[in-house]
Structures are given as structure tokens and as C-alpha cells.
Engineer: 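Pasting a structure here, questions to come.
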Amino acid sequence: MITVNKLFFGYTKEVFIKDISFMVNKGEIFGFLGPSGAGKSTLQKILIGMLKGYSGSVTVNGLEVRRHGNAFYENIGIDFEFPTLYEKLTARQNLKFFSSLYSKETGNVDRLLGTVGLLPDADKRVSDFSKGMKSRLNFIKALVHDPDILFLDEPTGGLDPTNSHVMKQLILAEKARGKTIILTTHNMQDAHELCDRVAFIVEGRLKALDTPHNLIMKKSAAKIEYTYTENGMEKNGECEINATAADRLLNSLIKQNRILTIHSKEQTLGDVFMDITGRRLT
Amino acid sequence: MKAVLSAFRQFLKSVWGDFMLTACLVAPVLMGLVFKFRIPELETFLCGYFNKTAVLAPYYILLDLMLSLMTPLMLCFSGVMIMLEELDDGIAKYLQVSPLGKTGYLFSRIGFIAVLSTVYNVIIPVIFTLSGMEITDIALSAVLNALISVVIGMFVLSFAKNKVEGMALIKLSGFMIFGFIAAFFIKTPAGYLAGVLPSFWVGKLVTDDNYLYILPCLTVSFIWIVLLYKRFSARVLS
Ligand SMILES: Nc1ncnc2c1ncn2[C@@H]1O[C@H](COP(=O)(O)OP(=O)(O)O)[C@@H](O)[C@H]1O
Ligand SMILES: [Mg+2]
């Protein structure tokens, strides 16, 4: 679906995006994970043909995006980081207008409003919407023409936990409908929950690329943490999960039934990000 | 094409939804009515009062020129106000990554306005001309004035950060009228300094009745467009 090969780009003479190559397969959710300013949005803008002054090759649906015509946009849906909606118009008027730009008339405005629970507010002005409502509306705006590929920039950014959860369910529902989704996030939790594969982006470079599961597994193993009492004092110990046999203390505690608490502590994607890139996500 | 028409329809709806902008569309007609029916009455009164054969009549061409700049200026004002709002709402950015595209967006706003203004601006002077302008003069000045309104629109959009500033800059652009006044009154070579204003050449064309003035008018307008383009595209197209 998408192939990026030896991509370089700079806003000024200074090169910012450096030597990035990857492929996105049909039907997967592909994430760019990185701290603010890493170049995630820049990468997405290159993929959707907004920034044409790159070197290297970027093909989407087999087309080099530098040379695409406007028909390119018939089949991709874009949800920018901030809502792009007519504030003075109602939700329904907005969707009707945006869908009228595409040659494929899907006529599913009301169905879309329904999927995000906005049908009761369809005739309210967007300026009266809350942030969460605007985000949901902006998301379905990218779906009015039923595109095969979706580009989502920080889809959960700035949303409260409830709205964030709703948004993630919506994204997974689109994946289930067979869409290919490219999203950016600085939230490791979201990347883990949503993405089939994640690219770590730092300072315009791609530092790692794999499934969240593999990224976590490849790095140092998960740990076991346990607590016990000794001379009336509560103490704790830890060992790697694949080296429990070597932890004499742990083994003797188990034999003596002296364990108070015990749990395994998996590495998070954030820990792995820190390990690989030396940078924190926030 | 479907996208361009949809976008233009949306533009008209936005104009229609705003009282001030709708009023702008009617303003040139009102001004034409006042000019056509009140000025000759005033002239009759003034001639009698000063006991002269003509007081205002020699300036009828100037009034006609002012009227012919009204339409593009008013339409340009509507266009700019709506585009400033679309910039604020992020719509301009979104439309560029839709089948409308950059050129489609500009055409559905600035291009259509220029075309609409040209048509509108032939009809109004034909009905309301005071000096009895010839149809060729009317048609030529309509096209050139529409081009001038494109220059003004680009100028305002390049520099205005919001609608208030936009309104102030549009008023400042009324300075274009000075080009007509210079062409009409200043007969010394120094008058040609006003030639940096494309309107100066429209004034020349109509007062001297020489169609060759089209060339400097087009040249000056295009120079302005080229000078403004970088700033304009950084503001509107990114
Ligand atoms: N239009 C622009 N012109 C110049 N620099 C820009 C522009 N847009 C973004 N940048 C810079 O590029 C860097 C990466 O920005 P961005 O891609 O938005 O990061 P992210 O989305 O990962 O937070 C930042 O340092 C930002 O200041
Ligand atoms: Mg970003």
C-alpha cells in the first residue's frame, strides 16, 4: 500500500527527516511513535503529498506522491491533529459539504453520525461542540468518501480517557472494515493497544520498527518483583522472569511460604523506547 | 470539476449566510442607482445655481470608473472575509488535501470571484453609466478591475492575521481609486508615478481612449501578483 524508500526532507536547507525507509501493508494499523517535535506529523504530511520537496521515493497506492494529481485524494482520508471544520455550520452541513467534494457519493452521513453518537447533535453548530465531539466529527469527516487508507494525526491527543477510549474503538472498527491506517502518537499505551506495527521516530530518524509485542520481547526480559518480611521488616526483591531458578532467595522464600506479594512486571513500550532511543516519550 | 462547483456553492452559501457580505453584493447596484438618478439632478441644480452649462459633467467618467471598481472591491471583500474564516477554521488546509486541491481551492474562491465580478461589472455600468461609456471600454475595464481585485485580495490575505485586520486592509486598498484620480487630473510626467497602481492604467485607458494601456496594466498587476505570491502561499497554502 505504502512504500517509503531512503526519504530525506528539510523545511529549510538543513535536513530534518533523515534516511527513512519502511513499508505499510494493506489492512494494518501502522504507528509513528515519538516525542513532540520528532517529525511524526512531518512524515505524515509527506505521505499525503502536502510536502513535495523530499528526496527518495514515497509511493501510496503505487503512485509517487510527489507527482500525484488531485484524484489521489479520492481514496485517502485525513484527520489532522486539530479539527478542520466550519465552526458556523452544523455537523450535518459540514459532512454534507465535505462528502460533496468526492466523486464517490456514499450518502452515509447519518450512519456515520450514528457510529460516533452524534446523531442527536447533527443539527447543532460545531462552535457549540465540546472538544471530544469535535474530534469525533473530525474523524468521521475523514470517512465520508469511504477511503481505503486513513491518516490520523494524534487521534487521541488532548482527549479525556472516555473520549480517548471511544476514539480507539472507532479506529479498531475501521481496521476491522479492512482499512489501512497510519497514525501518529506520543502515547505508548495507544500505540500498544492500536498498532500492528510501530516505528520509533526521534529527531527525524527511524530508530526501530516492529510489532509492539516483538519490540518489548526483544529487549531485556520482564521482571518478577516480590515482597517478604525479615526480622519484622518488609523487604522486596526482584529478578528477571527467565532467571527465577537462579534466585536463591526467591526459591527459599517460596519453600518457606514467606512471600507476601509477587507479581511480574512487563516492560512497557515506553521503557523499550527509552532503551532504544535514549529519549523519553513526553 | 464537481469539487470546484461544490466549493463555490459553499462559498455562495457562506456569503448568503452573512448579512454584511450579502449587503456588499447589493451595494454596487445601490451606488449605481444613486449615481444614475441623483447626480444628474444635482448637476441641473448646480448648473442653475452657478449659472454654468456644466459643473459635474466633466467628471462623470471618473464617477463611472469609481462605480466600476466597486463591484470587484465588494466581491473581493466578501471573498477575503470568507477565506480568512476558512483559514481560522483550518478548512483551507483540509480542502487542499481533498479532490479540490490547491488550485481548485484558489479557483473556487478567487477565480470565481474574478469571473463573477467581470460579468456583474459589465451589467452594472451598462445600466448606470453617466458618461455614456462605450461597451468596449466597459468590458475592458471590467476585466482589468477584476484582475485588480485579485491583486487586492492577495494583498489582504497575505498580511491580515484576522478579520479585523482584513477589514482595515480592504479599506486601505480603496487607495486604488487614487490611480483613477491621478490618471484624470495629473497631466505632468510625475503623474506616471501613480503607474505602480494598476488602476492608473485603467483610468488612462478610459480617459485617453487608447487600448494600448492594457499592456502596462497587465504588466503591473502581474508584477504585484508575483511579488505577493510567496507570502500569500505561505499564509494560505500551507
Ligand atoms: N512548516 C514548518 N516550517 C518549519 N519547520 C517546521 C514546520 N512544521 C514543523 N516544523 C518543525 O519540524 C519539527 C517536527 O515537527 P512535527 O513533524 O510537527 O513533529 P511531531 O508531529 O513529531 O510533534 C519541529 O521542530 C517543528 O518545529
Ligand atoms: Mg505532530
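Computed from a predicted structure; not experimentally measured.
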Engineer: In the structure I gave you, are the side-chain heavy atoms of B/Ile91 and A/Phe98 within less than 4.5 Å of one another anywhere?
Structural biologist: yes
Engineer: At a 4.5 Å cut-off on heavy atoms, which part of A/Tyr102 comes close to chain B: side chain, backbone, both, or neither?
Structural biologist: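 Both parts, backbone and side chain.
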Engineer: Out of curiosity, A/Ile48 CD1 to B/Gln96 CD, how far, rounded to the nearest 0.5 Å?
Structural biologist: 10.5 Å
Engineer: Would you call A/Phe97 and B/Lys13 a side-chain contact if the rule is heavy atoms closer than 4.5 Å?
Structural biologist: no
Engineer: Look at A/Met50, A/Lys141, A/Lys45, A/Glu74 and state which one has the largest set of heavy-atom pairs under 4.5 Å with chain B.
Structural biologist: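 Counting heavy-atom pairs under 4.5 Å, the top option is A/Lys141.
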Engineer: Verify the neighbour count for atom NZ of A/Lys52: are there more than 12 heavy atoms of other residues, nucleotides or ligands below 6.0 Å?
Structural biologist: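 Result for NZ/A/Lys52: enclosed.
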Engineer: With only heavy atoms counted, which part of A/Phe72 is less than 4.5 Å from chain B, the side chain, the backbone, both or neither?
Structural biologist: neither
Engineer: Heavy-atom count around A/Phe22 CZ within 6.0 Å, excluding the residue itself: above 12?
Structural biologist: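 More than 12 within 6.0 Å, yes.
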Engineer: Report yes if some heavy atom in the side chain of B/Glu85 is under 4.5 Å from a heavy atom in the side chain of A/Glu87; otherwise report no.
Structural biologist: no
Engineer: Below 4.5 Å, heavy atoms only, C-beta onward: do A/Ile76 and B/Val97 meet side chain to side chain?
Structural biologist: no
Engineer: Look at the side chain of B/Lys2 and the backbone N and O of A/Leu101, then say whether any donor-acceptor pair between them is shorter than 3.5 Å.
Structural biologist: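 No.
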Engineer: For A/Leu89, is it the side chain, the backbone, both, or neither that has a heavy atom closer than 4.5 Å to a heavy atom of chain B?
Structural biologist: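 A/Leu89 touches chain B through side-chain heavy atoms alone.
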Engineer: Check each atom of A/Leu85 against the heavy atoms of chain B and say whether the ones under 4.5 Å are side chain, backbone, both or neither.
Structural biologist: backbone
Engineer: A/Asn70 side chain to B/Leu100 main-chain N or O, any donor-acceptor pair under 3.5 Å?
Structural biologist: yes
Engineer: Counting only non-hydrogen atoms closer than 4.5 Å, does B/Leu5 touch chain A with its backbone (N, CA, C, O), its side chain (CB onward), both, or neither?
Structural biologist: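 Nothing of B/Leu5, per the 4.5 Å heavy-atom cut-off to chain A.
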Engineer: Do A/Tyr86 and B/Glu86 meet the criterion of a side-chain donor-acceptor pair at a distance under 3.5 Å?
Structural biologist: yes
Engineer: Give the intermediate values and the outcome of side chain to side chain contact (heavy atoms under 4.5 Å, CB included) for residues B/Asp18 and A/Lys88.
Structural biologist: CA-CA 11 Å; B/Asp18 185 307; A/Lys88 276 189 186 170; 4.0 Å; yes
Engineer: With a 3.5 Å distance limit and no angle check, can you tell me whether B/Ser6 reaches the backbone of A/Ser100 through a side-chain donor-acceptor pair?
Structural biologist: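 Yes; at least one donor-acceptor contact below 3.5 Å.
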Engineer: Heavy-atom count around A/His186 NE2 within 6.0 Å, excluding the residue itself: above 12?
Structural biologist: no
Engineer: Return yes when atom CZ of B/Phe178 has more than 12 non-hydrogen atoms of other residues, nucleotides or ligands closer than 6.0 Å, and no otherwise.
Structural biologist: no
